[in-house]
Amino acid sequence: MSSLWRTKSIEQSISDTDEPGRRLKRTLGPWDLTIFGVSVVVGAGIFTVAAETAGDYAGPAVMISFVIAAVACGLAALCYAEFASTLPVAGSAYTYSYATMGEFIAWIIGWDLVLEFSVAAGVISKGWSTYLQEATAQIGVHLTSNVPIGPWKLGPITIDSFDWGAVLLVVVLSAILAAGMSLSAKVNTVITAIKVSVVLLVIVVGAAYIVPSNWVPFVPPSKPAPPEASGLESSLFSYLLGDAGVTYGWYGVLAGASIVFFAFIGFDIVATTAEETRDPQRNMPRGILGSLAIVTVLYIGTALAITGMQKYTDLATTPDGETSTLATGFAAHGVDWAVILVSFGALIGLTTVTLVLLLGQSRVLFAMSRDRLLPASWSKTGGRGTPVRITVGIAVLVSILAGFFDADELGEMVNVGTLFAFVLVSIGVIVLRRKRPDLERGFRAPLVPLVPILAVVACVWLMLNLTALTWLRFVGWLLIGLVIYFVYGVRHAKLRGKDRDDSGASNT
C-alpha cells in the first residue's frame, strides 16, 4: 500500500525528458501558447452557451455567471502557471500530482484528464459535424453527415447512426498533429485568427441592436423549473438543500456558472505543452494567463450582445427542445448575413478546439506511458519528436466516440472532470511549497496558501452546482480507472522498478 503514495521527484521528472526515443522538441514561444489557449477555449460555445444559459438559468445575469467561472479559472490558472514554470514537463495536472501527492492520485487525475480531453474532443467533433450541415445549408448545399445504421444494442446503449463528418475531422486533425508540433502551431494560428475576427465582428454588429430594457430585471426572480430539470437533474447543491427544481434567481446564476464553465475549458491544456516550450519558466505563465484574460473579455462581450438584443425569456429552450444561439438574436432582427457568419464562425471555432484537445490528450497519455503506468511502447517518438502511436490511438478512440455514440449528456462530465483536476493542482501548489521551498520557480502564485485555497473553494462550489446524475457518472468513470490501475499500472510503474533496484532486487 505504501507504494501507492510514492512520489516522482522534480529532478527525475525533468531528467526523463531526455530519455532517448521519448523526447519532445521545444518549438513553442509565448505567442504560440496564447494562441493554443484561445483556440481551444473559443469555440462554438461562444455562439451558443451565453444564449442558452441566459434563457434557461440566469437571464441577463449570465454575465455574472461568466465572471464567477472566470474567477474560478483564474485562481486555478495561477496555480497552473506556477507548476508549469517549475516543472516544465508534459502531462500537466497528472505530472504535478505525481510530484506532490503520489502515484495513486496521479493515476486518478490522469484518468480524469482522459475523460476531460477525449470525451470533450468527441463531443465537440460531433458539434462540428452538426455545424457543417447548418453552415452548408446557409449557402444552399444540403449535406447529411449522419448515416443511419442498425440499430445496434450494446447493453443500455443504442447505436443507430454513423457520423462521418465528426470522424473526418478527427482523422484530418490527428494527421496534422502526427506531422509535428511546428505544423500544428501554424495551422492553429491561422484558423484562430479567422475565428477571433468573426467573434469581434459579431459583437460589434450585435451592439447596434441592443435594447437596454432587455437587461431588466438583471437577476430574474426564481421560479419552478420544468419537471425534467428536477430531482437528479437539478444541481447537487440545490438538491441537497431541498430546493431542487428552481431556475433563475441566484440559484440560476450559480448553476449557470457551472454550465458556462464548460466554455472556459482548455486554458489548462496549455500546460500539457510545457515540454515543447522554449524558456518555459517565462513563457508558460504568459501563455496560460494571457489566453484566459483574452477569452474572458470575448465571452462577456458576447453575453452583453445576446442578452441586449433579445429578452432572456425569448432565449429559453422551447417545449420541443430547440435552443437559442447568438444567431437567434440576429435572425430576430433580420440580419441574415450575420446568421450565416455565426454558423461558419462556429464551424471554424470547433476545428481548433478539437485540434488542441487531441493535442492535450496525447501529451497526458505520453507522460503516463513514459512513467510505465501505460504500455511503454506508446511513448515512442518519431523523427519529428511526436508521439505518433499515441496520436493514432487517440484518433481511433475519439473517432469511435464521435462516430457512433450520442454525446448530448457528456458535457457536464467534462466539467466535473476539469474542476476535479483544478482542485488537485491547487492543493499541489501548497504541498510543493512546503516540501520543496528550495526549487527555482519561474512564476510564483501570489498569496499562497490563500489563492490555492480560494481556487479549491471556488471549484468545489461549481462542482456542487452540477447535477447529481453527473456525479454518479463521474464516480463510475473513476471506478473503471481504478480497475485498470490495479490490474496494470501499479505492477508496471517505472518507480516500482526503481524501488526494486534501490532495494537490491532484480528489476524485470
Side-chain angles (χ1 to χ4, degrees), residues 41-43 45-79 116 120 215 217-223 225 229 233-241 243-268 292-293 295-304 306-307 312 315-317 323-324 411-423 426 451 453-471 474:
V41 177
V42 178
I46 200 167
F47 300 106
T48 60
V49 170
E52 185 178 345
T53 306
D56 295 342
Y57 293 93
V62 68
M63 286 175 272
I64 297 179
S65 298
F66 273 112
V67 170
I68 293 172
V71 168
C73 288
L75 293 169
L78 292 170
C79 299
E116 176 186 348
W215 291 328
F218 189 70
V219 180
S222 61
K223 71 173 188 177
E233 292 292 347
S234 62
S235 75
L236 181 63
F237 179 73
S238 60
Y239 181 76
L240 293 175
L241 292 184
D243 290 317
V246 175
T247 59
Y248 301 132
W250 286 105
Y251 274 130
V253 172
L254 294 173
S258 295
I259 293 171
V260 302
F261 179 83
F262 181 74
F264 283 94
I265 288 177
F267 78 86
D268 55 315
L292 183 59
V295 300
T296 300
V297 171
L298 292 176
Y299 278 140
I300 293 177
T302 304
L304 280 167
I306 187 60
T307 55
Y312 71 91
L315 298 173
T317 301
T323 58
S324 297
E412 284 199 3
M413 287 189 67
V414 177
N415 279 2
V416 70
T418 304
L419 286 165
F420 185 61
F422 287 2
V423 167
S426 300
V451 164
I453 290 173
L454 290 176
V456 171
V457 171
C459 291
V460 170
W461 179 262
L462 290 175
M463 292 172 76
L464 290 175
N465 280 280
L466 294 171
T467 68
L469 186 57
T470 296
W471 275 88
F474 180 59

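Please read these numbers as outputs of a predicted model, since none were measured by experiment.
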Please enumerate all residues that pass side chain to side chain contact (heavy atoms under 4.5 Å, CB included) together with [X], with sequence neighbours excluded.
{"X": "Val297", "answer": "none"}
{"X": "Ala455", "answer": "Leu75, Ser426"}
{"X": "Ala69", "answer": "Val260, Phe261, Phe264"}
{"X": "Val67", "answer": "Val71, Ile300"}

Once rounded to the nearest 0.5 Å, what's the spacing between atom [atom1] of [X] and atom [atom2] of [Y]?
{"X": "Glu52", "Y": "Thr317", "atom1": "CD", "atom2": "OG1", "value": "5.0 Å"}
{"X": "Leu78", "Y": "Leu292", "atom1": "CG", "atom2": "CG", "value": "9.0 Å"}
{"X": "Cys73", "Y": "Ile68", "atom1": "SG", "atom2": "CD1", "value": "12.0 Å"}

Side-chain touch Pro217/Pro60, heavy atoms, less than 4.5 angstrom: no

Flag side-chain contact, heavy atom, 4.5 Å: Tyr299 against Val41: yes

Under 3.5 Å donor-acceptor, Trp250 side chain and Val219 backbone: no

Considering non-hydrogen atoms only, spot the tightest contact between [X] and [Y] and give its length.
{"X": "Ala303", "Y": "Ala50", "answer": "CA-CB, 4.2 Å"}
{"X": "Ala54", "Y": "Leu315", "answer": "CB-CD1, 4.3 Å"}
{"X": "Cys459", "Y": "Ala72", "answer": "SG-O, 4.5 Å"}

Residues which pass side chain to side chain donor-acceptor pair (under 3.5 Å) with Thr307, listed by chain and number, not counting sequence neighbours: Trp215

Among Tyr248, Phe218, Tyr57, the one residue meeting ring pair (Phe, Tyr, Trp, His ring centres under 6.0 Å) with Tyr312: Tyr248

